Amino acid sequence: MTGGSIWVKMESRQVSRSVGKTNDVVDLYAVQCCICFKWSTVPTKEEYETIRQSFKEDPWVCFKKQGRSCDNPGDLEYDTSRMWIADKPNIPKSPPGFNRILSRRSDFSKFDVYYITPTGKKLRGPADVEKFLQEYPRFKDINPSDFVFSSPKIPKEMILGTPAERGDCETHSNKKLKRS
DNA sequence: GCCACCGGTGGC
DNA sequence: GCCACCGGTGGC
């Protein structure tokens, strides 16, 4: 199975952060079965990153979830009630204690990726990573390539707030999106 | 002074 | 043309 035909997806929603400000938080992780295209939720970010890191070689299938097969209904269906982001496959797991964050631009144009370190510092790119790993010898064994700053794309229908054209969906993910 | 946020651009 | 990366800065 080659990568790219099925994407790991995650969901975010807008929450009020302070007066006049909003921020997206990912509140649900989901993966799509490469056989039946149904969605399974993934309970934790940790587990999600584990699936994601080898998604191309080892795509998701329903029976990986205990007691589940493609004959069962999925956990949820894709819709525009929340924002779905097609994540990139095969991103290394965040090093222990580091937290990979997606920050959406207010114009919905793109996400910025950054990592929060165990010390609370924010790393915005490879230059920050290198500086940080040098500054703290206890992290010197961490491979800088474990930090990946490439950002997921925001699906067009999420920007416009309108249903995706079927052609778009198939172009991007080789599947049909079910809409209720 | 910090940092969240955005714009620009170099490399592909 | 895209996008990963980084510089700049406005608002606090």
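Residue numbers start from 1 in every chain, and the chains themselves are labelled A, B, ... in the order their sequence lines are given, proteins ahead of strands. What you see is a predicted model; the values in this text were computed from it and never measured.
Within 4.0 Å (heavy atoms only), Lys88(A) reaches sugar-phosphate atoms of the nucleic acid but no base atom.
For the ring pair (Phe, Tyr, Trp, His ring centres under 6.0 Å) criterion with Trp39(A), the lone passing option out of Tyr29(A), Trp84(A), Trp60(A) is Trp84(A).
A donor-acceptor contact closer than 3.5 angstrom links the side chains of Asn99(A) and Lys45(A).
Remark: Phe63(A) engages no residue in a ring pair (Phe, Tyr, Trp, His ring centres under 6.0 Å) (not counting sequence neighbours).
Taking the centre and axis of the six-membered ring of Phe98(A), the NZ or CZ atom of Arg100(A) falls outside the cone set by 45° and 6.0 Å.
Running 5' to 3' along DNA chain C, contacts with non-hydrogen atoms of chain A at under 4.0 Å begin and end at dC3(C) to dG8(C).
Within a 6.0 Å sphere centred on CD of Glu47(A), heavy atoms belonging to other residues, nucleotides or ligands number more than 12.
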